[in-house]
S.K.: 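What follows is a structure written as structure tokens; I'll ask about it next.
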Amino acid sequence: MSVHVQNSRMTTAKIRQMKANGEKIAMLTGYDYTLASLTDEAGIDMILVGDSASNVVCGNQYTLPITVDEMIFLTKGVVRAAQHALVVCDMPFGSYQISEEEAVRNAVKILKESGCDAVKLEGGEEILPAIRHMIQAGVPVMGHLGLTPQSVNQFGGYGLRAKEDAEAEKLIHDARLLDQAGCFSIVLEKIPAALAEKVTKAVSCPVIGIGAGAGCDGQVLVLHDMLGLNQGFKPKFLRHFASLAGEVKNAVGEYINTVKDGSFPSAEESY
Ligand code: KIV
């Protein structure tokens with residue numbers, strides 16, 4: 001029996017090839033079937049089921065509380081939606097830092113149970129052994145350097161990272177190690193644009209930026225932020241490509257009014 005695999009589906013090899021071709025890579029986060037379907041139909045290259053789900057879906061202040069099983073639950077819906085995009089699932093805090101064995105076990109569980117194509121992990125040299133073991137086990141890995149929100153308690157906030165030379169040097173060193181270990185791409189979050197451009201040129205794998213300037217191979221944003229669903233959050237790097245918060249509130253307000261004044265449902269909307 002042969003299984004039909006759609007050849008329009010993105011693969012990690014195609015994502016790498018895009019860098020080689022000088023083609024920019026567009027990634028957005030996704031957390032549910034409906035919005036991920038629209039994002040996929042619009043032609044996005046990669047959908048990241050970010051642990052930012054802890055913030056935008058669950059309402060937590062930090063990304064730390066979300067669990068492996070919660071990430072798998074969300075990722076399953078996104079995988080069902082993605083006909084074209086490569087789906088990457090964030091490994092949550094605590095799922096890869098304890099031991100290499102546990103990291104591989106959790107990565108394999110995420111791939112098997114969610115059906116996603118790859119996982120993303122935050123950190124450099126410290127987590128290199130775990131990354132190497134995952135890649136050896138056949139798990140495609142995306143790295144994440146710069147502002148790594150799972151380390152918020154160490155950083156003491158979400159400010160710009162790698163402003164000082166020592167941190168910038170370590171970041172370049174870490175990016176080279178991730179690249180050599182076989183990561184198929186690396187996210188750089190909230191670092192100076194000049195540094196991100198330097199890293200992008202220094203590594204062979206595609207670099208995806210968020211708050212890291214235009215010199216990266218691609219960009220990622222949190223879907224709810226770029227759609228303007230989260231009115232209270234407007235850092236310098238974020239562009240609102242829509243203002244859906246107002247539209248949602250207007251629609252809900254109109255629904256409430258028509259229910260209260262008895263004009264919904266009408267005779268045409270009744271059986
Ligand atoms: O969790 C997330 O949404 C992310 C992106 C901001 C890169 O890691």
Side-chain angles (χ1 to χ4, degrees), residues 15 25-32 35-36 39 44-68 70-75 77-78 85-97 107 110 114 116-124 127 131 140-152 155 157-162 171 174-175 178 183-191 196 199-200 205-213 216-227 229-230 233-241:
I15 295 294
I25 301 161
M27 178 161 92
L28 282 170
T29 65
Y31 315 101
D32 71 326
L35 284 177
T39 309
I44 202 77
D45 298 310
M46 290 194 274
I47 301 178
L48 169 67
V49 187
D51 59 356
S52 50
S54 178
N55 311 112
V56 294
V57 177
C58 308
N60 294 312
Q61 190 182 357
Y62 300 121
T63 58
L64 306 184
I66 202 154
T67 66
V68 168
E70 287 166 340
M71 289 301 297
I72 290 172
F73 172 79
L74 297 173
T75 305
V78 173
L86 188 94
V87 179
V88 183
C89 175
D90 254 337
M91 292 196 66
F93 178 64
S95 68
Y96 56 94
Q97 294 92 341
I110 288 171
S114 76
C116 70
D117 302 293
V119 297
K120 176 166 82 58
L121 287 75
E122 297 181 5
I127 58 158
I131 289 180
V141 175
M142 176 182 268
H144 184 156
L145 299 170
L147 174 61
T148 46
Q150 292 178 13
S151 306
V152 62
F155 293 154
Y158 292 121
L160 185 71
R161 302 306 311 175
L171 193 143
D174 282 344
L178 295 183
C183 285
F184 78 93
S185 80
I186 301 171
V187 166
L188 293 182
E189 181 165 355
K190 215 168 176 188
I191 62 168
V199 173
T200 303
C205 69
V207 170
I208 313 293
I210 173 166
C216 302
D217 300 305
Q219 299 292 325
V220 57
L221 285 176
V222 169
L223 183 69
H224 292 50
D225 296 344
M226 61 81 77
L227 291 178
L229 280 166
N230 180 3
F233 184 65
K234 182 65 185 78
K236 178 180 158 96
F237 69 79
L238 175 63
R239 187 184 297 180
H240 284 154
F241 289 83

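For ligands, and for the atoms within them, numbers begin at 1 and follow the listed sequence. Side-chain atoms are counted along with the backbone in the values below, which use heavy atoms only and exclude waters and symmetry mates.
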S.K.: Is the side chain of Asp117 donor-acceptor paired with the backbone N or O of Val88 at a distance under 3.5 Å, no angle test?
M.R.: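 Looks like no, no N/O pair under 3.5 Å.
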S.K.: Checking Thr29 side chain against Leu223 main chain: does a donor-acceptor pair fall under 3.5 Å?
M.R.: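 Yes; judged by distance alone, with no hydrogens or angles, the pair exists.
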S.K.: Under the side chain to side chain contact (heavy atoms under 4.5 Å, CB included) test against Leu145, which residue among Ile191, Leu188, Val187 passes?
M.R.: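 The passing option is Leu188.
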S.K.: Would you mind listing each N/O atom of ligand 1 next to any protein N/O under 3.5 Å, plus the distance?
M.R.:
{"residue": "ligand 1", "atom": "1 (O)", "partner": "Asp51", "partner atom": "N", "Å": "3.2"}
{"residue": "ligand 1", "atom": "1 (O)", "partner": "Asp51", "partner atom": "OD1", "Å": "3.0"}
{"residue": "ligand 1", "atom": "1 (O)", "partner": "Ser52", "partner atom": "N", "Å": "3.1"}
{"residue": "ligand 1", "atom": "1 (O)", "partner": "Ser52", "partner atom": "OG", "Å": "3.3"}
{"residue": "ligand 1", "atom": "1 (O)", "partner": "Asp90", "partner atom": "OD2", "Å": "3.1"}
{"residue": "ligand 1", "atom": "3 (O)", "partner": "Ser52", "partner atom": "OG", "Å": "2.5"}
{"residue": "ligand 1", "atom": "8 (O)", "partner": "Lys120", "partner atom": "NZ", "Å": "2.9"}

S.K.: Indicate the atoms forming the closest heavy-atom contact of His224 with Leu35, along with that distance.
M.R.: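 Closest approach of His224 to Leu35, heavy atoms only: CE1-CD1, 4.2 Å.
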S.K.: Are the side chain of Ser54 and the backbone N or O of Leu64 linked by a donor-acceptor pair below 3.5 Å?
M.R.: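 No, the answer is negative, given that no donor and acceptor are paired below the 3.5 Å cut-off.
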S.K.: If the test is side chain to side chain donor-acceptor pair (under 3.5 Å), which one of Asp51, Thr63, Asp90 qualifies with Gln150?
M.R.: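 It is Asp51; the other options fail the test.
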